[in-house]
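Below: the structure, in structure tokens.
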Amino acid sequence: MRKAAAKEPLQKGYENTMEVHEWMVRSTYQTEWITQRGILLWLAMYAGGLGGGLYLVSLYFDSFIGMLVSLLIVAGLKGGFHFAYLGKPLRFWRIMLRPKTSWLTRGFIFVVLFVGFATLQLVLSHWLPGTVWEILLKVFAGLMAIGVVVYTGFVLNSVKAVSLWNSPLLPLLFAMCGLLGGFGLSTVIAMYGGNVDLHAAETGSRWLLVINALLIAIYLWRAVQRDETGRKSVMDQMRGQAAPAFWIGVIVLGIVAPLAVALFSSVAGEVIPTVLIAGVICELIGGLSVRYCLLKVGIYKPLFPRPSYLKP
């Protein structure tokens, strides 16, 4: 009786401790990067992928306007959202102190170097086109643009506790989404004399739409197979709180609607500006929704098995 009485307060103390720290034994949603101020980080991630993707596509077409717009997106939108997200913006330089271990540091360096190289390149492209320095700056800015496009995928991928993000496909998916947005904006630039081959831009968009749809399907299938937490993230994306953003934003607006616009243009044999612009807007919403869903249903795996006395 004495031993039983001694065990009872210990058991109650243990239960109370586990009630306070339920995140240790339950799957827990991450909220820092997608709620309240975290929405700014979501927008910054998307702006970086879109701007970097547009720069790479504009390099292919040698479109000065496209490269200029991409620079404004990265420097203005991505940079602005990031600074607004930071609690103490004047200390942002500390981000650069860990390039060997932090993808956030590497990403910041990619952004700064891209803005610098792209600015100098555009100056030379305007005043001294065709020079060796202009070509070198295009190469350097292009390499930094690749880094800007993919680094957020590596940032999320480095969070091993979130099963949905722990996939080597994530940086590739972000890169393809960025290029798709770049091709989409290029079609709009082409309609307004931006030195872009409209037919080639439309063709690139169609292929990337198909590639993105396949990548998303493979990515989610692998997440379901990985573990219970990954499966919970995918199910929540399809049936839970993120379902409207997934089915409407990603599937309908991001894939089905642009494909329908591409098919309509192909059958009609002509480009209708309002229809094409509507398709591009749908593509952009789709890319934004992909990142939203991935951040919204990011779930931390529990540290320990759930005790039997806790409800599931």
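Put simply, the side chain of S233 gets close to the backbone of V297: a donor and an acceptor are under 3.5 Å apart. Side-chain atoms of S70 come within 3.5 Å of backbone atoms of M67 as a donor-acceptor pair (strictly under, hydrogens ignored). Between the side chain of R37 and the backbone N or O of A84 there is at least one donor-acceptor pair closer than 3.5 Å. Looking at S158, its side chain does come within 3.5 Å of a backbone N or O of V155 through a donor-acceptor pair. In terms of modelled atom types and a separation under 3.5 Å, the side chain of S63 and the main chain of V196 share no donor-acceptor contact.
Taking a cutoff of 4.0 Å between a charged side-chain nitrogen and a carboxylate oxygen, K296 and D236 do not qualify as a salt bridge. Salt bridge E134/K138: present, at least one basic N to carboxylate O contact under 4.0 Å.
There is no path of hydrophobic side-chain contacts, each under 4.5 Å, that joins I281 to I272. Under the 4.5 Å side-chain contact rule for hydrophobic residues, V74 and V139 share a cluster. No path of Ile, Leu, Val, Met, Phe, Trp and Tyr side chains, each step under 4.5 Å between heavy atoms, connects Y29 with L164, placing them in separate hydrophobic clusters. I135 is not connected to W127 by any chain of hydrophobic side-chain contacts under 4.5 Å among Ile, Leu, Val, Met, Phe, Trp and Tyr, and they are in different clusters. L209 and V261 sit in two unconnected hydrophobic clusters of ILVMFWY residues. Membership requires side-chain heavy atoms under 4.5 Å apart, directly or through other members.
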Sequence neighbours left out, cut at 3.5 Å: what donor-acceptor pairs do the side chains of residues 168-189 make with other protein atoms?
from, atom 1, to, atom 2, distance (Å)
S186, OG, G182, O, 2.8
T187, OG1, G184, O, 2.4

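In the displayed structure, R222 atom CZ is contacted under 6.0 Å by at most 12 heavy atoms of other residues, nucleotides or ligands. Residue-environment remark: OH (Y60) stays at or below the threshold of 12 foreign heavy atoms within 6.0 Å. The neighbour count for R226 CZ, taken as heavy atoms of other residues, nucleotides or ligands under 6.0 Å away, is above 12. Counting heavy-atom neighbours within 6.0 Å of Q225 CD, excluding the residue itself, gives a total above 12. By the neighbour-count criterion of 12 heavy atoms within 6.0 Å, atom CD of Q241 is densely surrounded, having more than that number from other residues, nucleotides or ligands.
Here the shortest heavy-atom pairing between G254 and P258 reads O-CG, 3.6 Å. In this structure, V148 and G48 approach most closely via the heavy-atom pair CG1-O, 3.4 Å. When all heavy atoms of V290 and V250 are compared, the pair lying nearest together is N-CG2, 3.7 Å. Minimum heavy-atom separation, Y85 to G38: CE1-CA, 3.9 Å. Residues W165 and L156 approach most closely at CB-O, 3.3 Å, considering heavy atoms. When every heavy atom of I277 is checked against every heavy atom of M191, the shortest pair comes out as CG1-CE, 3.6 Å.
The shortest distance between side-chain heavy atoms of Y300 and V159 falls below 4.5 Å. Taking the side chain as every heavy atom from C-beta outward, N195 and I65 never approach each other to under 4.5 Å. Annotation: side chain of F117 is not in contact with side chain of L143 (no heavy-atom distance under 4.5 Å). Side-chain contact between E283 and I255 is absent, with no heavy atoms from C-beta onward closer than 4.5 Å. Using a 4.5 Å heavy-atom cutoff, the side chains of P302 and T229 are in contact. Looking at F114 and K78, their side chains never come closer than 4.5 Å, going by heavy atoms from C-beta outward. Counting heavy atoms from C-beta outward, V252 and W247 have side chains that stay 4.5 Å or more apart. Side-chain contact between N166 and N157: present, with at least one pair of heavy atoms (C-beta onward) separated by less than 4.5 Å.
Between F64 and H126, the two ring planes are tilted [angle within 30° to 60°].
Counting Ile, Leu, Val, Met, Phe, Trp and Tyr side chains that sit under 4.5 Å apart, directly or through other members, V210 shares a hydrophobic cluster with L214.
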Q.
Checking L276 against L198 for the side-chain contact (heavy atoms from CB on, under 4.5 Å) test, could you report, in this order, the C-alpha distance in whole Å, the side-chain angles of both residues, the deciding distance, and whether it holds?
A. CA-CA 11 Å; L276 186 59; L198 180 58; 4.0 Å; yes
Q: Would you sort out whether Q237 and F246 count as a side-chain contact (heavy atoms from CB on, under 4.5 Å), showing the intermediate values?
A: CA-CA 6 Å; Q237 185 168 252; F246 177 75; 3.8 Å; yes
Q: Starting from the C-alpha separation in whole Å, work towards a yes-or-no answer on side-chain contact (heavy atoms from CB on, under 4.5 Å) for M45 and L295.
A: CA-CA 11 Å; M45 286 183 177; L295 292 172; 4.1 Å; yes
Q | Chi angles and distances behind the side-chain contact (heavy atoms from CB on, under 4.5 Å) call for L50, L284 | A | CA-CA 9 Å; L50 179 62; L284 299 181; 3.8 Å; yes
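Note: D62 CG to L59 CG = 8.0 Å, rounded to the nearest 0.5 Å. To the nearest 0.5 angstrom, L77 atom CG is 10.5 Å from Y46 atom OH. If you take CZ on F61 and CG on L54, they are separated by 10.5 Å, rounding to the nearest 0.5 Å. Note that the CG atom of D227 and the NZ atom of K232 stand 12.0 Å from one another [nearest 0.5 Å]. In this structure, CD on Q30 lies 7.5 Å from OG1 on T35, to the nearest 0.5 angstrom. I39 contributes atom CD1, which lies 6.5 Å from atom CD1 of I34 (distance to the nearest 0.5 angstrom).
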